[in-house]
Colleague: 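Have a look at this one.
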Amino acid sequence: MSGYISTRTATPSASTLGNDRAIDRQWFTRHPVEVAWDLIGCTLRVTRNGVTVAGRIVEAEAYAGPADPASHASRLKVARQVMAGPPGTVYTYLSYGIHTMMNIVTHEDGQSGAVLLRALEPLEGIDVMRERRNGVADDRLANGPGSLARAMGIRLADIGADILCSEEFAIVFGDAERHIHASLRIGISRAVDAPWRFFEHPSPFVSAHRRGRAVERHEVARLIPPPGTPID
DNA sequence: ATTTGGATATCCT
DNA sequence: GGATATCCAAATC
């Protein structure tokens, strides 16, 4: 592990978040680009069989539903159904036949979309994560979407879970002091120009690509194309 | 029956 | 840090 020391806390008060809403259904009822940016610094906690693991979200990507050629919603039936469903629903899928990806459905009313969780800074249950991840370095326990799911015990069968009502999942507010960069989304072949990958910078816990440009909260709206604009 | 679409572990330097 | 081998689900043919 590097010499990085996080100055952030696991459960800061909601009032420090600038964005004054609680994380509830309404919070997820926004464009995935906004939610992805806001999720950086928030904590994902999963409790199963009495075992709790938690991590601070340091990397996430937005996918804007059927209109976004990079989104599964543009070509997969199940994805289309789930991503058009209630914000706060889990959408999982399998990548490379091996890795489970965890997304959270987020969209404005009547729309469709999701945020892919790509990396976490481990906070709780680190010993469990080390076991699940076969002893890799702590800054690689959840430094990619497949690693994240493995470390957190996320399964393909979690598709459709409601993260807001589930006994197993929780999302907790993050802190206000975040330095967030945006870059192109990783591992896609269509709509490659949308800068909808957000990550904390600097952080040793993000996945391989660390180049991006700083994006302040007030700039996020500019990254969202007007309704009807083709994404490409 | 065939094609498509994806991130990681492992090895190498 | 970089190259390479790997597998399954869903859509399409």
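Computed from a predicted model, the values in this text were never measured in an experiment. The basis for the numbers below is simple: all heavy atoms, side chains too, and nothing from hydrogens, waters or symmetry mates. Chain A is the first sequence line, chain B the second, and so forth, proteins listed ahead of strands; every chain is numbered from 1.
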Colleague: Decide yes or no on salt bridge (Lys or Arg N to Asp or Glu O under 4.0 Å) for A/Arg197 and A/Glu59, but give the supporting numbers first.
Modeller: CA-CA 7 Å; A/Arg197 169 179 177 250; A/Glu59 180 178 340; 2.9 Å; yes
Colleague: Mind listing the residues from residues 184-191 of chain A sitting with a heavy atom below 4.0 Å of DNA chain C? Number order is fine.
Modeller: none
Colleague: If I take atom CD1 from residue A/Ile180 and atom CD from residue A/Glu219, how far apart are they, to the nearest 0.5 angstrom?
Modeller: 11.5 Å
Colleague: Tell me every residue that passes side-chain contact (heavy atoms from CB on, under 4.5 Å) with A/Ala182, counting only those two or more places apart in sequence or in another chain.
Modeller: A/Phe198, A/Val215
Colleague: Nearest whole angstrom, please: distance from the C1' of B/dG6 to the NE2 of A/His209.
Modeller: 14 Å
Colleague: Between the main-chain N or O of A/Arg140 and the side-chain N or O of A/Arg133, is there a donor-acceptor pair closer than 3.5 Å?
Modeller: yes
Colleague: Output the rounded distance in Å from CD (A/Glu61) to C1' (B/dG5).
Modeller: 15 Å
Colleague: Please report, rounded to the nearest Å, how far the P atom of C/dT6 is from the CD1 atom of A/Ile98.
Modeller: 11 Å
Colleague: Tell me the interatomic distance from A/His72, atom NE2, to B/dT4, atom P, rounded to whole angstroms.
Modeller: 15 Å
Colleague: Output one letter per nucleotide in nucleotides 8-13 of chain B: B when a protein non-hydrogen atom lies under 4.0 Å from the base, S when only the sugar-phosphate is that close, - when neither is.
Modeller: SS----
Colleague: Under the 4.5 Å side-chain heavy-atom rule for ILVMFWY, direct or indirect, which residues accompany A/Val192?
Modeller: A/Tyr63, A/Leu76, A/Val78, A/Val82, A/Met83, A/Tyr91, A/Tyr93, A/Met101, A/Val105, A/Leu116, A/Ile159, A/Ile188
Colleague: Without swapping roles, check the side chain of A/Trp196 against the backbone of A/Leu223 for a donor-acceptor pair under 3.5 Å.
Modeller: yes
Colleague: Can you tabulate the close N/O pairs, meaning under 3.5 Å, that link protein atoms to atoms of nucleotides 11-13 of chain C?
Modeller:
from, atom 1, to, atom 2, distance (Å)
C/dA11, OP1, A/Lys77, N, 2.6

Colleague: Quick one: which of C/dC7, C/dA9, B/dA7 gets closest to the side chain of A/Ser95?
Modeller: B/dA7
Colleague: Check step by step if side chain to side chain contact (heavy atoms under 4.5 Å, CB included) holds for A/Leu141 and A/Val136.
Modeller: CA-CA 6 Å; A/Leu141 288 173; A/Val136 301; 3.9 Å; yes
Colleague: Return the nearest nucleotide to the side chain of A/Leu94; candidates are C/dC7, C/dA9, B/dA7.
Modeller: C/dA9
Colleague: Any pair with a residue in residues 155-168 of chain A that passes salt bridge (charged side-chain N to carboxylate O under 4.0 Å, His left out), sequence neighbours left out, goes on the list, sorted by first then second residue, please.
Modeller: A/Arg25-A/Asp162, A/Arg48-A/Asp158, A/Arg48-A/Glu168
Colleague: Given atom OH of A/Tyr91 and atom P of B/dG6, what is their separation to the nearest angstrom?
Modeller: 10 Å
Colleague: With a 4.5 Å heavy-atom cut-off, do A/Arg150 and A/Asn134 have their side chains touching?
Modeller: no
Colleague: Evaluate side chain to side chain contact (heavy atoms under 4.5 Å, CB included) for A/Arg30 paired with A/Asp38, printing each intermediate quantity in order.
Modeller: CA-CA 11 Å; A/Arg30 296 180 293 142; A/Asp38 285 347; 2.8 Å; yes
Colleague: With rounding to the nearest 0.5 angstrom, report the CG to OH distance, A/Leu94 to A/Tyr96.
Modeller: 12.5 Å
